[in-house]
Amino acid sequence: ADGADIVVAARRPEPLAELAAEIETTTGRRVVAMPTDISDVDQCRAAVDETVAEFGRIDVVVNVATHGGSPSASVADIDWEEYRQSVQVNVIGTMEICRAAGRHMAEAGGGSIVNISALSATTLMADLARYTSTKGAMESMSKTMAKEVGPLGVRVNIVTPGMTNGPQLDELFQRMAVAQARTPEEVSARFAAGAAMRRHVDPEDIAEVVLFLASPRARNITGQEIQVTAGQHIS
């Protein structure tokens with residue numbers, strides 16, 4: 001809506017094509033659907049190279065892919081094969097996209113990379129070590145990369161959402177309500193009460209911060225994590 005032509009990439013071609021068509025219809029921009037398995041580094045590199053071939057340059061990358069939020073398990077019970085898959089998606093694949101795109105951005109004079117993290121990487125919730133440790137590794141690597149590519153005009157930042165309204169949060173509250181013998185509304189209200197602003201966030205709140213970091217308005221912001229949580233966690 002702010003004037004970018006984009007590539008959307010994910011594993012499943014059918015919903016990806018639907019997403020691309022929806023964005024193209026609502027914005028009038030050019031949108032290319034590019035089926036990509038981020039756990040495959042060769043596909044990551046190919047997606048970046050094909051984007052440059054399609055548009056001539058790449059100015060912004062936003063990494064949203066994630067793995068490992070469920071099923072939950074304690075450190076003592078982690079399945080190492082599942083852990084390797086989380087590392088492959090949350091760390092290796094995500095950072096392969098970053099470094100492949102970063103090379104093109106540096107050659108073109110600059111660009112912006114925004115990686116999406118998780119609040120649990122900071123709060124370190126029990127039984128989520130597979131998820132939190134790999135997201136934490138991605139955060140550390142992103143900030144290190146920001147130092148390395150800053151002289152080349154490339155910025156790397158992190159956006160961390162809080163509890164975000166939508167079907168996934170509704171499902172979470174429904175499961176917790178059953179386990180706690182409460183209503184989903186009561187569970188939602190309890191979590192909202194723990195946020196400084198007494199509410200959850202909307203997807204648009206996250207999108208606006210990503211858009212800001214992607215734009216020249218944030219030209220001197222790099223190596224930072226911005227939490228969009230309505231004050232769920234303040235340290």
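For reference, positions follow the sequence shown, starting with 1.
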Evaluate the side chain to side chain contact (heavy atoms under 4.5 Å, CB included) criterion for residues T160 and E139: first the C-alpha distance (whole Å), next the side-chain angles of each, then the deciding distance (0.1 Å), finally the verdict.
CA-CA 10 Å; T160 298; E139 290 186 9; 4.1 Å; yes

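- Ionic pairing of R30 and E54 is present here: one or more N-O contacts between side-chain nitrogen and carboxylate oxygen are shorter than 4.0 angstrom.
- Of the residues N157, V114, V209, I158, the one that meets the side chain to side chain contact (heavy atoms under 4.5 Å, CB included) test with I226 is V209.
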Please step through side chain to side chain donor-acceptor pair (under 3.5 Å) for the pair T94 and N63, ending with a clear verdict.
CA-CA 6 Å; T94 294; N63 281 305; 5.0 Å; no

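- Between Y83 and H67, the distance from one ring center to the other does not fall under 6.0 angstrom.
- Salt-bridge check for D5 with R29: passed, with a basic side-chain N closer than 4.0 Å to an acidic carboxylate O.
- If you take OH on Y131 and OG on S120, they are separated by 5.5 Å, rounding to the nearest 0.5 Å.
- At a threshold of 4.5 Å between non-hydrogen side-chain atoms, the residues P35 and R11 do not count as touching.
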Side chain to side chain contact (heavy atoms under 4.5 Å, CB included) between V154 and E148, intermediate numbers included:
CA-CA 9 Å; V154 180; E148 297 167 347; over 6 Å; no

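- Note that the CD1 atom of I116 and the CE atom of M138 stand 8.0 Å from one another [nearest 0.5 Å].
- Using a 4.5 Å heavy-atom threshold, the side chains of V87 and I92 count as touching.
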Does V156 form a side chain to side chain contact (heavy atoms under 4.5 Å, CB included) with K143? I'd like the steps, not just the answer.
CA-CA 7 Å; V156 186; K143 292 177 181 179; over 6 Å; no

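- Between atom CG of residue D205 and atom OG1 of residue T164 there is a gap of 8.5 Å, rounded to the nearest 0.5 Å.
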Start with the C-alpha distance between S72 and D127, add both sets of side-chain angles, then the distance that settles side chain to side chain donor-acceptor pair (under 3.5 Å), and finish with yes or no.
CA-CA 5 Å; S72 59; D127 298 330; 5.2 Å; no

